[in-house]
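Okay, so here's the structure we're looking at.
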Protein chains: 4
Amino acid sequence: MSDKIPIYQHPWVGEDPLLGELTDKQWKILKAALKVFTEKGYSASTTSEIAREAGVAEGTIFRHFKTKKEILLATLIPLMQNFIGPGVTNSLHDLLLQHDNLPMEDVLLLILEDRQKHISALWPLLRIVLLEANYHPELRDVLLNNVVTRVQESLLTFLQKRQSKGELRDDLDAWTLMRSIVGAFAAYLVSKTLFPEREQGHENRQELKAIVNLFLSGAKKKS
Amino acid sequence: MSDKIPIYQHPWVGEDPLLGELTDKQWKILKAALKVFTEKGYSASTTSEIAREAGVAEGTIFRHFKTKKEILLATLIPLMQNFIGPGVTNSLHDLLLQHDNLPMEDVLLLILEDRQKHISALWPLLRIVLLEANYHPELRDVLLNNVVTRVQESLLTFLQKRQSKGELRDDLDAWTLMRSIVGAFAAYLVSKTLFPEREQGHENRQELKAIVNLFLSGAKKKS
Amino acid sequence: MSDKIPIYQHPWVGEDPLLGELTDKQWKILKAALKVFTEKGYSASTTSEIAREAGVAEGTIFRHFKTKKEILLATLIPLMQNFIGPGVTNSLHDLLLQHDNLPMEDVLLLILEDRQKHISALWPLLRIVLLEANYHPELRDVLLNNVVTRVQESLLTFLQKRQSKGELRDDLDAWTLMRSIVGAFAAYLVSKTLFPEREQGHENRQELKAIVNLFLSGAKKKS
Amino acid sequence: MSDKIPIYQHPWVGEDPLLGELTDKQWKILKAALKVFTEKGYSASTTSEIAREAGVAEGTIFRHFKTKKEILLATLIPLMQNFIGPGVTNSLHDLLLQHDNLPMEDVLLLILEDRQKHISALWPLLRIVLLEANYHPELRDVLLNNVVTRVQESLLTFLQKRQSKGELRDDLDAWTLMRSIVGAFAAYLVSKTLFPEREQGHENRQELKAIVNLFLSGAKKKS
DNA sequence: CATGAATGAGTGTTCATTCAT
DNA sequence: GATGAATGAACACTCATTCAT
């Protein structure tokens, strides 16, 4: 048991019942699997390539995971549950609580900058999750319940509070407000990825400010 | 060649050099391939299932397409070039031209409703294109150049014209405006798909109106 | 279809729904499978060895049979249904009918000699059937219903008729009589196989006569 | 070596050079192996299941037995040598000696009843031995030399003595007599196993009596 | 041009056996 | 001596691709 790696030293898995603690070998396999899946997708990846990448024998993989699909789930689900999910939500929640009294503009800008950092760091991971969620309901469920729903709730609560404070229009559903700002922000990230040259000229923070400004110009309560 | 089908009778392929005109058999194969790819994704589809679905022998497929990958490209690229692309762009273009003098609110609503209809109809196709574009650069290129770019250009032109007319703020980049409205609209579609129960209560047109209203409240030039 | 082999040219399969007619390749595979199974038993046989023995690619095997187990069943079941079963039963039945009026001694001797010839010819086949029937209920069922039961019925009918004619004791169940003569005969065959040197000295026919004599001495009705 | 188990406390192995005395662990492994082999046959059994069943680590098994095949031999050979063989023979021998002066009918009935009891108790073991002897010559040899031959000798001696006493026909080889009674008896056991419903109606002892009666009616010397 | 049987490299998975601890 | 993680050759089976008919 001496080769166990302490939970906090890797992003995967806390007291997650699916995996428990990870041995050195398991960690190497999961890291290799994530790399290979990320590059080629699940179907086009082979267990033998994962083994080669992990530096273990192919048989070793199946000592730790019953099937190839279990490797996929054991790779992505804990990441969503323990890393993406809480990572995303907690910091979001903290942000919203912490700066409860800042003006809307500033809070939203902080949030978007914070989100952007997180998403950039996690992008390869998020990408494979989003792709494979199309074919594996188990992934879809965890994605929805552990990531999407949590983000929504945090944001909704925040927006509703600001509505009741009179800072945001309440003739529109908070849900609609949320979709708009999240959509605009997401579209910016996508655009930055697809057309790096296009967005490169602009200062990132300026662009985020513009997004917030446009949103709030429409969303603020007119006195 | 009596079994040739006139171009205009099927959505695929015009003067596309990749395929030229399609024989009856080719058409059946492509239709079958699209169905199978759509259901299981490229990697998990087998040529034998495509053959069965098309009602031809497996060998026949390879008489028309050199490899499985060529089937994928021959299926999706013409669709993007001749169907999604123009279909999308033209109608968009027409709409924008046709109602050039309508108030912003009405034009945007018309556009979104029109887009929504198109996207719904094409969704299975768009889905597989978006998914596979992640792994096949050939697809990604065509997707960007033939679909995304065209939509952007139409919308940009429209927004810029309205900016120059003084109807929209010109302190913000038209690109930024576009991202916001497109993002908000896309977020609505995604939300409708992922949480049908959530969005079900609302009247679709009301929701689109809210999106437009929110956008324009922020985007309109203050006099 | 020109490579189909007429049914009657091989022992396997008549209008057997399991296989229908056999192509040249299928025939080679089944022959190879029978050989390999016979030599090493089912579990220890590999599909690759069967392929090598049949002179076909391993993939070819699975074009004709879905699983390794299906090869086993497709090999043995038709043999039992079309070869062992009828072969055994018909000739037995014919014999019994044909020589209905011969003295018991002669009929029994004819039967045993006939059976012995059949069983010798089929021994490798019977052996693998008997062995694998222990692990595959499908085989056991066909063995019992198509072989064992048929033989029993023929013999029982014969013995009962002779009982009612007053030639055999009727204070004993015909079933008991049958078991005794069949058992004695089987023990002789086993003994000949296990201890060839022991039984070699004796003339085969003399030995069969002794078996019949011993049986009839006990089984004949005392006047 | 304090964990050695005295020989006489387990049925396996006496001065058998193959195993010598057994440690507690070895005993557990052999018991587990016998169970697993008995249930699935040799080929379909896995060493890991044997280990699990024995409650030891998989590596431990290979510390005691070089190969899987050695486990099979170490399991079955000593059982034949020390349990089946002697067990069978001795009690048979004793019976024959003890009741040397009883009438044939009674002795044979006693023998058959005694054998039946033994065989029933040992059936799972005998079954696997008979099956695997087909593929492992080492097993076949021991089976023939230690079990079959011994039984034969005891019975032959008995029958020959009765022949010389004038109680049994001596115009037939004792070997022939033996085969007949053994065959009839074996056929009864097989029949009882395959068609339990058929033989259920009859009283077991009555059936045995009938077998003996039929045999002796034919085998007894006519005065 | 169409067929579909044949191919064989490759797949995910198993398992007897080894060996560092 | 006992362990069980690691191994890798072998397994049953798949599938894109070829080619004789």
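Computed from a predicted model, the values in this text were never measured in an experiment.
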(request) Find the distance I50(A):CD1 to dG8(F):C1' and express it as a whole number of Å. (result) 18 Å
(request) Please name all residues satisfying ring-ring contact (aromatic ring centres under 6.0 Å, His included) with F37(B), sequence neighbours left out, ordered by chain then number. (result) Y42(B)
(message) Given 3.5 Å as the limit, does a donor-acceptor pair link the side chain of K31(C) with the main chain of Q26(C), or not?
(response) no
(request) Tell me, please, which residues at least two apart from R52(A) pass side-chain contact (heavy atoms from CB on, under 4.5 Å). (result) S48(A), E49(A)
(message) Expressed as a whole number of angstroms, how long is the span from K25(C):NZ to dC19(F):P?
(response) 15 Å
(message) Taking A54(D)'s backbone N and O only, do any of them form a donor-acceptor pair with K25(D)'s side chain (distance below 3.5 Å, no angle check)?
(response) no
(request) Starting at atom OH of Y42(A), determine the distance to atom P of dG12(E), rounded to an integer number of angstrom. (result) 8 Å
(request) Check whether any side-chain heavy atom of I77(C) sits under 4.5 Å from a side-chain heavy atom of L72(C), and report yes or no. (result) no
(message) Using whole Å, what does the distance between atom P of nucleotide dA6(E) and atom CZ of R52(C) come to?
(response) 19 Å
(message) For a 4.5 angstrom cut-off between non-hydrogen side-chain atoms, does L125(B) reach T38(B)?
(response) no
(request) Would you write the dot-bracket representation of DNA chain E, where each base gets (, ), [, ], | or . depending on whether it forms a Watson-Crick or G-U pair under 3.5 Å and with which partner? (result) .||||||||||||||||||||
(message) Can you work out whether V56(B) or V56(C) has the more 5'-proximal nearest nucleotide on DNA chain E?
(response) V56(B)
(request) Could you tell me the separation between the CZ atom of F65(A) and the C1' atom of dA6(F), rounded to a whole number of Å? (result) 15 Å
(message) Under a 4.0 Å threshold between the charged nitrogen and the carboxylate oxygen, would R140(B) count as salt-bridged to E132(B)?
(response) no
(message) Can you measure K28(C) atom NZ to dA5(E) atom C1' for me and round it to whole angstrom units?
(response) 12 Å
Collect all protein-nucleotide pairs involving nucleotides 14-18 of chain F in which both atoms are nitrogen or oxygen and the distance is under 3.5 Å.
residue	atom	partner	partner atom	Å
dA16(F)	OP1	S45(B)	O	3.3
dA16(F)	OP1	K68(B)	NZ	3.3
dA16(F)	OP2	T47(B)	N	2.7
dA16(F)	OP2	T47(B)	OG1	2.6
dT17(F)	OP2	K68(B)	N	2.7

(message) If the condition is side-chain contact (heavy atoms from CB on, under 4.5 Å), which residues does A57(C) pass it with, not counting sequence neighbours?
(response) T60(C)
(request) Take atom NZ of K40(A) and atom C1' of dT11(E), then tell me their distance rounded to the nearest Å. (result) 14 Å
(message) It should be established whether H64(B) places a side-chain nitrogen or oxygen under 4.0 Å from OP1 or OP2 of nucleotide dA2(E).
(response) yes
(message) Restricting to side-chain contact (heavy atoms from CB on, under 4.5 Å), what partner residues turn up for E53(C), sequence neighbours left out?
(response) A32(C), K35(C), V36(C)
(request) Return the value, rounded to whole Å, for the distance between atom CZ of F37(C) and atom P of dA12(F). (result) 9 Å
